[in-house]
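Everything on this sheet refers to the single structure shown next.
Naming: A, B, ... by sequence-line order, numbering from 1 per chain.
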Amino acid sequence: MTDQQTATSATTEPSGGVRVRFAPSPTGALHVGGVRTALFDWLFARGEAKRQGLDGAFVLRIEDTDRNRYVPGAVESLVASLRWFGLDWDEGPDVGGPFAPYTQSERTDRYRAHAESLIAGGHAYRCFCPPDRLERVRAERQAAGLPPGYDRHCRALPAEDVAANLAAGMPHVVRFATPRQGETIVHDLIRGEITYQNATLEDLVLLKSDGYPTYHLANVVDDHLMAITHIFRGPEWIPTAPVHVLLYQAFGWSMPALLHVPLILAPGGGKLSKRHGATGLEEFQAQGYLPEALMNYLVLLGWSYDGTTEIFSRADLLEKFSIRRISASPGTFDHDKLRWFNQHYINHILSVDDLAARVVPFLADTGLVDAAAAAPSHPQHAQVREAAALLKDRLETLAQAPDLMGFLLADALAPYDPLTLVPKKTEPAAALRALEATLAALDEVDLADEAATEARLRGLAEELGLKTGQLFMAIRVAVTGRTQSPPLFATMHVVGADRCRARVAAAADALRRSVATPVPAGD
RNA sequence: GCCCCCAUAGUCUAGCGGCCCAGGACGUCACCCUUUCAAGGUGAAGAUCGCGGGUUCGAAUCCCGCUGGGGGUACCA
C-alpha cells in the first residue's frame, strides 16, 4: 500500500435481509422531498425486499443533534405526517425496537466513545481553533484561490499542547483526519461510481464543542449500530459521501449500499420553498389532498414503472417498485399534475362513502356539519353522503367541499344577486315569470321522480316560450345560488321540495324587487 | 473560485445501438356528449433527443469536450 489507497463502498446486500431507515431532523414540518425519500425506503423494505424473499425492516430515527435548530413538537408532527401519508415503521422512537433508543440526542455516549476510538487510532484529532480563526482561515484561503475550509492547524498539534489545552478546559471539537493522498470511490446504486481525490476532502468536524455529534459521525455510527444495509438520502449528501466511506473504513466496518435519490426542484428551478406553494405535508393535508394521490404523484417524481402506467395504488407499488428504476436526474415539482392525481382519485377511485367521510372535517371546519358526521349513524351523515355523491365528479380537493356542497347542507342561501337570476339572452320579466311558474309547478311534481320532474319543467319552458336552458338556469341559480351545479333534477331531489319552494320563492322576491327598479338585462 | 451531480416537448417520464423522422401522462387548444359546470370520449399543436466532435454499416442510446441547470463548500442536517 503506497499512496494509492482506495476505498469502495459496499455494492451487494447481505443475505440476512434489508434494513433501511428514514432519519429526519425535527426542525419543522415534514418536507415533500423527505417523504418521497421515506416512501422509497418503505417500498424497498416492504415491497422489493419482501418479494425477493428477504426480511425488510423500515426504521424511523430522529436526528436531533442540532440543539439550536430543534423545534419543540416537531417529532410528533413528523410522526403524524408520516402516518397520515400511509407509512408505518418496524422500529422507531415511538414503537421502540432492538436498537433503541432511536433518538440521537439520547445516544451521545456512543458517539463520544466512537470519536475517542478514532482519536486513539490516529483517525481523528482534537481541534482547539476558535470560530473566529476558522472564519479568518476560510477568508484567506478563498482570497488565495484555494478551496475554503480548515487548514488542519491542530492536526499537527504536539501531544503536550493537546494535554495542556485539555487540562485548561479549552473548548474543542474532534475532526476526522482525512487521508491526504489517494482516492476514494463512492459506489452509488443509482449513479454508479463517483471517484474523489482525497486531497480535495476536508477534515470535517465529527464531534461539536457542545459534545453533540455532527451528522457525519452520528449517521455512520448509528447506521452501523442499527445494522442498516441501504442508505436512501438526498443528493445534498453526495459531496460528503467520500468522507463517510473513509469513516467506515477507519472504523473497520463494512459500508451499507448508498442511494442518493434525485432532488426535487421548485417550478422556477432551485430549492422548493414556501414561495412555491405547499412544501410541508401538513399543508397538503390542509389543502385537501388525499395521501394516496400525493403518494402516487410523488413516487412518479424520480421513479417510473413502464413509462405508461400512471395510477398506482399502495398495493401496486409494493408489488412493482424497484430501486433499479429510480432516476438520477432531478425533477420539478408540478402542482398541476398533483392536482390532477387528486382529482382523479376523488372522481374515480374513492367510493362515495369514503369521500363523504373524508370531506366531513373540512365541512366541520366551516360549521356546515358536525365533526362527528363522518359516522354513518350520525343524523347528518345521509345528507353529507348525498352531497358527496352529487359533487364527486366536481371536486379537485377536499378543501373545496364547503364551497361546492354548502347549498346542499345549509337551510338558507346567501341573498341572491338579481343579475345572476336572469339567464343570458333573457328578459328580467321573463325570468321572473319563469320562477313564479316554477313555484307553482313544484306543487305538482314529486322531486323523487327526477325524470317526471324534468318532463314537467321541459313542458313548462315550452309554455313560457323559453329555451330549456333559460328556464333551467334560472331555477339552478334559485335553488343552488350559483350558475354551476350538478345536474339540476338530481340536485333538486337532494335539496328537497321544502327548500326548493322556499328558495324559488325567495329568488322570485329578489327579482321582483329589482325589476321594480330596473337592472340591465343579462346578455 | 473549488469539488460533485444531472441533461428526451412548458412539466413528469419511456427509451438501455437498428422495432424511434421518439411512446405515455400533466398542462394547452379544438370537437363530441350536454340543462350549467365537471367527468368522459375523440383529435391537434408541442422535442433539429442541450451543442460540437468522435466510435459504429447504423446513436436519443457508447466515448470526449463544451454549454446549461442544480447541489456542496458550517462546531445544519
Legend entry - Rounded C1' spacing from B/A25 to B/C51 in Å: 29 Å
Legend entry - Heavy-atom donor-acceptor pair, A/T37 side chain to A/V35 backbone, under 3.5 Å: no
Inset, instruction - Please state whether the phosphate of B/A14, meaning OP1 or OP2, lies under 4.0 angstrom from any side-chain nitrogen or oxygen of A/S304. - result: yes
Inset, instruction - Check whether the ring centres of A/Y345 and A/Y297 lie less than 6.0 Å apart, and answer yes or no. - result: no
Inset, instruction - State plainly whether the residues A/R133 and A/E140 are in salt-bridge range, i.e. N to O under 4.0 Å. - result: no
Legend entry - P gap between B/C32 and B/G70, integer Å: 44 Å
Legend entry - Distance below 4.0 Å between A/R482 side-chain N/O and B/C37 OP1 or OP2: no
Inset, instruction - Taking all non-hydrogen atoms of both residues into account, name the closest pair between A/S77 and A/A29 and its distance. - result: OG-CA, 4.4 Å
Legend entry - Nucleotide paired to B/C51 in any strand shown, Watson-Crick or G-U, under 3.5 Å: B/G65
Inset, instruction - Considering only NZ, NE, NH1 and NH2 on the basic side and carboxylate oxygens on the acidic side, decide whether A/D403 and A/R482 come within less than 4.0 Å. - result: yes
Inset, instruction - Sort out the partner of B/C2 for me: Watson-Crick or G-U wobble, both distances under 3.5 Å, none otherwise. - result: B/G72
Inset, instruction - Quote, to the nearest angstrom, the C1' distance that separates B/A45 from B/U36. - result: 29 Å
Inset, instruction - Check whether the side chains of A/R476 and A/S485 place a donor and an acceptor atom closer than 3.5 Å, and report yes or no. - result: yes
Legend entry - A/R141/A/D151 salt bridge by N-O under 4.0 Å criterion: no
Inset, instruction - Could you work out the separation of B/A7 and B/G24 based on their P atoms and round it to a whole Å? - result: 23 Å
Inset, instruction - Could you tell me whether A/R325 contacts a base, only the sugar-phosphate backbone, or nothing, with contacts defined as non-hydrogen atoms closer than 4.0 Å? - result: sugar-phosphate
Where do N or O atoms of nucleotides 40-50 of chain B meet protein N or O atoms at under 3.5 Å, pair by pair?
unit_1: B/G40; atom_1: OP1; unit_2: A/H348; atom_2: NE2; d: 3.2

Inset, instruction - Provide the Watson-Crick or G-U wobble partner of B/C26, both distances under 3.5 Å; none if there is no partner. - result: B/G10
Inset, instruction - Tell me yes or no: between the side chains of A/K208 and A/T214, is some donor less than 3.5 Å from an acceptor? - result: no
Legend entry - Residues A/T397 and A/Q287: side-chain donor-acceptor under 3.5 angstrom: no
Legend entry - Whole-angstrom distance between B/G27 and B/C21, as gauged at atom P: 29 Å
Legend entry - C1' atoms of B/G69 and B/U8, separation to the nearest Å: 15 Å
Inset, instruction - Write down the distance separating the C1' atoms in B/A22 and B/C16, rounded off to the nearest Å. - result: 14 Å
Inset, instruction - Record whether the side chain of A/K392 comes under 3.5 Å of the base of B/A39 through a donor-acceptor pair of N or O atoms. - result: no
Any N/O pairs under 3.5 Å between the protein and nucleotides 74-76 of chain B? List them or say none.
unit_1: B/C75; atom_1: O2; unit_2: A/S209; atom_2: N; d: 2.7
unit_1: B/C75; atom_1: O2; unit_2: A/S209; atom_2: OG; d: 2.7
unit_1: B/C75; atom_1: N3; unit_2: A/S209; atom_2: OG; d: 3.0
unit_1: B/C76; atom_1: OP2; unit_2: A/K208; atom_2: NZ; d: 3.2
unit_1: B/C76; atom_1: O2'; unit_2: A/D66; atom_2: OD2; d: 2.7
unit_1: B/C76; atom_1: O2'; unit_2: A/R69; atom_2: NE; d: 3.2
unit_1: B/C76; atom_1: O2'; unit_2: A/R69; atom_2: NH2; d: 3.1
unit_1: B/C76; atom_1: O2; unit_2: A/R69; atom_2: NH2; d: 3.3

Inset, instruction - Identify whether any heavy atom of A/I238 sits under 4.0 Å from a base atom; if not, whether one sits that close to sugar-phosphate; answer base, sugar-phosphate or nothing. - result: sugar-phosphate
Inset, instruction - Test the A/R175-A/Y150 pair against the cation-pi criterion, namely NZ or CZ under 6.0 angstrom from the six-membered ring centroid and within 45° of the ring axis. - result: yes
Legend entry - Rounded distance in Å between the C1' positions of B/G52 and B/G15: 23 Å
Inset, instruction - May I ask you to say whether A/D354 pairs ionically with A/R358, meaning some side-chain N is under 4.0 Å from a carboxylate O? - result: yes
Inset, instruction - Measure from the side chain of A/F472, starting at C-beta and using heavy atoms only, and say which of B/C6, B/A38, B/U35 lies closest. - result: B/U35
Just the table, please: protein N/O against nucleotides 67-72 of chain B N/O, every pair under 3.5 Å.
unit_1: B/G72; atom_1: OP1; unit_2: A/K271; atom_2: NZ; d: 3.2

Inset, instruction - Decide if the gap between the ring center of A/F321 and the ring center of A/W303 is smaller than 6.0 angstrom. - result: yes
